[in-house]
Every structure is written in C-alpha cells, then in structure tokens.
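Structure first, then comments.
Here is how names work: the chains are called A, B, and so on, in the same order as the sequence lines, proteins then strands, and each is numbered from 1. Any value given below was found using the heavy atoms of this structure, including those in side chains, with hydrogens, waters and symmetry copies removed. Just so we're clear, the structure is a prediction, and the values are computed from it rather than from any experiment.
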Amino acid sequence: MKIFKVALGILAAIGGFVDIGDLVFNVAAGATFGYQLLWVVVIGVIGIIVYSEMCGRVAAVSGKAVFDAVRERVGFKAGLVALVSAQVVNLLTLTAEIGGVAICLQLLSGLPYRWLIVIAGLALTIVVWVVAFEWIERFFGYGGLCMLVFAVAAVKLHPSWGAVGQGFVPHMDTESPVLYAYFAVGLLGAAMTPYEVYFYSSGGVEERWGPKDLGLNRLNSMIGYGLGGLLSFALMIVGGALFLGEGIEPEFLGTIALGAEVPLGQIGLLLGLVGILFAVSGAAIDTLFSGAYNLAQFLGWEWGRYRHPRGAPRFTVTWFVLLVLALGVVMSGVDPVRLTEYAVIFSAVALPLTYIPIFLVANDRTYMREHTNGPIANALGIVYLVVITLIALSAVPLMILTNVGQN
Amino acid sequence: VRGGDSTQVFSRKPVATIALGLLLLSLAGCNGGTVDRHALKRDAENVASLATEGELLATDVSKGRSTKYFVRVHAKDLSRAASNLEDALAERPTSPGITSGVRKLSKLAGKVSGELQQLHLHPTDRGVAASLKQPLSDDADAADKLAK
C-alpha cells in the first residue's frame, strides 16, 4: 500500500513537472538550436532535485516552509526583498498560466478567449475551494501525464539520435552565442522556477511530513522531478526535429500542440492539448497557493489549504486577490506566451533570494538537528548557488541583448 | 535563530534602479522604428515561419488529421500575426536601398494572412486546405529569398 502511495505521488510529480515556462522555452530552444541545449535541462533538473529535496527535508524536520525560513533566517528587511520579488514573479507566472489555460480551452472548444478566461478563473476558484489538497495535486498531475504524447511524438519524428546524444554534452555550435546563453538561462530558470520549491515545501508542511517521511521526500523529488525532466527533453526534441528543419519559430501554444499533431494526427493533437491544459492548470494552482503561502508565512498568519477557509481567512483572501489580479491582467489582452518569457527571466533573477535561505536553513542544526545537509547535498548546493547567482546576474542583460530571444 | 544582521548582503536599492533602467531599455527596444536590413531579415524569417506553419496545418487538414476548433483558432492566430507584419511593414520608414524589399515583404505577409484566413473560415474543408498548401509553400520560399 505504501509503495502504491509513493508511486501515485511520483506519477503526480511527473505529470506536474511541466508548466508554461518549460513548454515555451524547451520548444523554442529546440526550434532555434536543435538538441544542443539538452544538457542545460539536465543541469536544471538536477538543481531542482537538490533544492526540492533540501526544502522538503527542512519542512519534514522543522515543520517550516520556505518563507518561514526566509523570515527567521535572513531578517525582515532582506526577507521583504525576497518576498516582493517572489510575489512579483509569482503573479507574472500565475497570469501566464491562466492565459495558457484559456488558450488551451479555446483551441479545444473554439469559444471566445475572454469568456474562457472568466471560465478558467471560476473553475480554478471552485477547484481550490472545494477539492482536497492532495487530490488537487494528483488530479492535475495525472492529467498532465497526457503530455507524454510529446515523448511519443519525439520518437515518431525520427530525430537523429546521435545528435540527440551529443546534445547532452555541453557544446556550442552557433553564430549566436548570446542567444544561446539567453536560452540556457531561460531553460535553467524554467526548470528551477522558485514557486516549485515554495509549493513543494509548503505542501510537505500541509501534509504533516515528519522525519519518517524523509525517504518519501527523497523519492518524490529524485524520481518525480527526474522523470518529469524527460518531458522537457521530449519537448526540445520535438522542437528540434520538426520546427528547426522547417524554419518555424514557435510563438503560440497552438504551435506546440502542432508538434504532437504532425506526427500523430488528431489523437496526438487532443492528448497534447489536454496534457498542456492539465499541466498549466496545475501550475496555475501551484503558483496561486505559492503566493498565498509566501505572504502568510512571512507575516506569520495562519495558513494552509487543510484549514477551513474561515480558519485561515487572510490566507484565503490572499489567494483570491492574487487570482483576481492575474485574471485582470490576462483580460487586458497581454500575450501569455510573451509574458511567460518575462516571467521565466525574472524568476531567474529571483533564484538566489529563494535558494540561499533554504541552503542556510538546511545547514542549521537549530532547525535540522541531525538531518542537516550531508557532504553531497552541500557540495551540490554550493555549486548550484554559484550557477544561479551567475544566471541571476546575466538574465536581464541577456534578455535586452537578444530583444527577449528575438536575436 | 539568527536574524536581521545579514540585511546588508541583500541591499537592493541600486540593483532595483539598474533593473528598472534595463527593463525600460528593453521595452524601448521593442519599437516600431526604422526597418533596417537586420529587421527586414527578421521579419522575412517571421513571414516564412508563419507560411510554413500554415502549410503544415493545411496539410493536416487536407488529410483529416486535425480538429475543427484547433484549425479555426490557430489559423486565426497565424493570420493575425501575418496581418500585423503586413501593416507594420507597409507603414514604417526604411533604411535607404531596401524600401522595395520591405514593401514586397509587406504584400507577401498580406497574402499569407489571407490564405490563413481561408483556413480559419473553412477549418474542415479538405479541398480548400489542399489548395492552400502550394501557395503557402511558395510564400515561405519567397520570404526566405527576401531574408537573404
């Protein structure tokens, strides 16, 4: 029974791995550089495994989620900077995800886009209000498994497997090194996006993880995120095998779905669209909760989806306000795909503000007792702190130099 | 548990100012100013991309491998993007020596937009889709030539 529960959790993690940032950047990277940037996805997946395991462990041992730790460990002023940057990035991401939900619904139903934004907002509110926490994650995670159709599409497109293999070895065969760097930063930002660890650690506290759950935490983060990374590979391979050869620059979510339709026909298209719908809907809920978790944890409010809304009223009001704000921005007509690129780049800027406190707390015996980082977690943690600092410093200059990836 | 003494490390005022400046510069970069050779190349590649994607979509429709709503919506998105390029290229000032190329590309973008509009209006008509494949392919080739 326990193995079954673990398997369900892992399946949900795989299905829930991809969000609109992964979709946009992986396919665009494939369409621009073929398979050359697959190695960056590997780096990003290992990074999110290292830090999600760390913050899950912190949650299980100390009962503290990320922004509890931020507030306590780095002080109010620095914590406030981290909070503001996290909330801005969360809101951008939430807006992009909700726009993505509406676009998917439109591609499936043909109904007017603005009506679908309203329907998406209402549906998300009902799901968040009514459905139990563990089932929200599983429902969208299992639905997101339809995205595996892109793995089948990648195989059916008959890529050059030798070139795919070479893609896992860092190399740069291009006349546009700055654009290459921009996509590398975007891919890392998308794979290690901060809301994932906010949600993961808060979820651990919500589900009352304790030290006995450390094994489950390790399995979930390693296998779930690891296998979820396969979806990113598949998306980049589809981009490289189909769009690069044809000279297509994917600017729409529909173009990504076309990547499943061309090799697999109608069934591929429908599975692709349903998979994207579940993936971006799940990510919308994750970012919505993350925003409310962050604020409530930082200000010391009662928080948690397991509580009755009246038991954590400020938490409930926060996620509702965030949802209304995001819906308002989407209704203004902003392009969700374009917004995604900004959200991913600015989330890359915010990475150190999220990951440094986690690293500090995971090494603090006051919180962690005998469960502080071991030598491997520390070595990887430090390497990734260097990597994300470089990413944070270079993200905005690269965005400007490449005109947001337009070269 | 240690607290506030590490705030200096995270002092962000200068960083925030620089970031805001860079963002404004970035937004200023997204302008509709003079079309130079580089911009012409970029826009021609864009038109070629839209035409090629339209051709892929038309091919799938002609084989009954797509769905009505997907074709209707996606063809409309592609058509609108091509139409936006047509308008921008028709109005924007150009660098000396490339005016005729820019206006030619504008007309081509308009043609691509019209063909994609046909796909949008007849999302299940295999005959219409089949008849659009070659023109869209030719348009993509013409745009590629202008990009060189």
Stepwise, does the side chain to side chain contact (heavy atoms under 4.5 Å, CB included) test hold for A:Glu251 with B:Asn46?
-> CA-CA 10 Å; A:Glu251 292 177 15; B:Asn46 254 330; 2.9 Å; yes
Audit row: B:Phe70, A:Leu258, side chain to side chain contact (heavy atoms under 4.5 Å, CB included) steps and yes/no = CA-CA 9 Å; B:Phe70 177 75; A:Leu258 197 64; 4.0 Å; yes
Answer key: most heavy-atom pairs under 4.5 Å with chain B among A:Gly254, A:Gly110, A:Ser85 is A:Gly254
Top contributor to chain A interface from [options] [non-hydrogen pairs under 4.5 Å]:
options	answer
B:Thr67, B:Leu78, B:Asp144	B:Thr67
B:Lys68, B:Lys76, B:Arg65	B:Arg65
B:Leu56, B:Leu50, B:Asp60	B:Asp60

Is [X] close to chain B through its backbone or its side chain, or both, or neither, when contacts mean heavy atoms under 4.5 Å?
X	result
A:Thr255	both
A:Leu269	side chain
A:Leu270	side chain
A:Leu273	side chain

For A:Gln106 and B:Tyr69, what are the C-alpha separation, side-chain angles and deciding distance, and is it a side chain to side chain contact (heavy atoms under 4.5 Å, CB included)?
-> CA-CA 8 Å; A:Gln106 192 187 27; B:Tyr69 297 128; over 6 Å; no
More than 12 foreign heavy atoms under 6.0 Å from NZ of B:Lys133: is that the case here?
-> yes
Per-residue contact mode, B:Ala81 against chain A (heavy atom under 4.5 angstrom) = side chain
Identify which part of B:Glu55 has an atom lying under 4.5 Å from any heavy atom of chain A, answering side chain, backbone, both or neither.
-> neither
Is the closest side-chain donor-acceptor distance between A:Gln266 and B:Ser66 under 3.5 Å?
-> no
Any idea which heavy atoms bring A:Glu249 and B:Ser49 closest together, and the distance?
-> N-OG, 2.8 Å
Close side-chain approach of B:Asp77 and A:Ile103, heavy atoms under 4.5 Å = no
How long is the gap from CG on A:Asn403 to CZ on B:Arg42, to the nearest 0.5 Å?
-> 8.5 Å
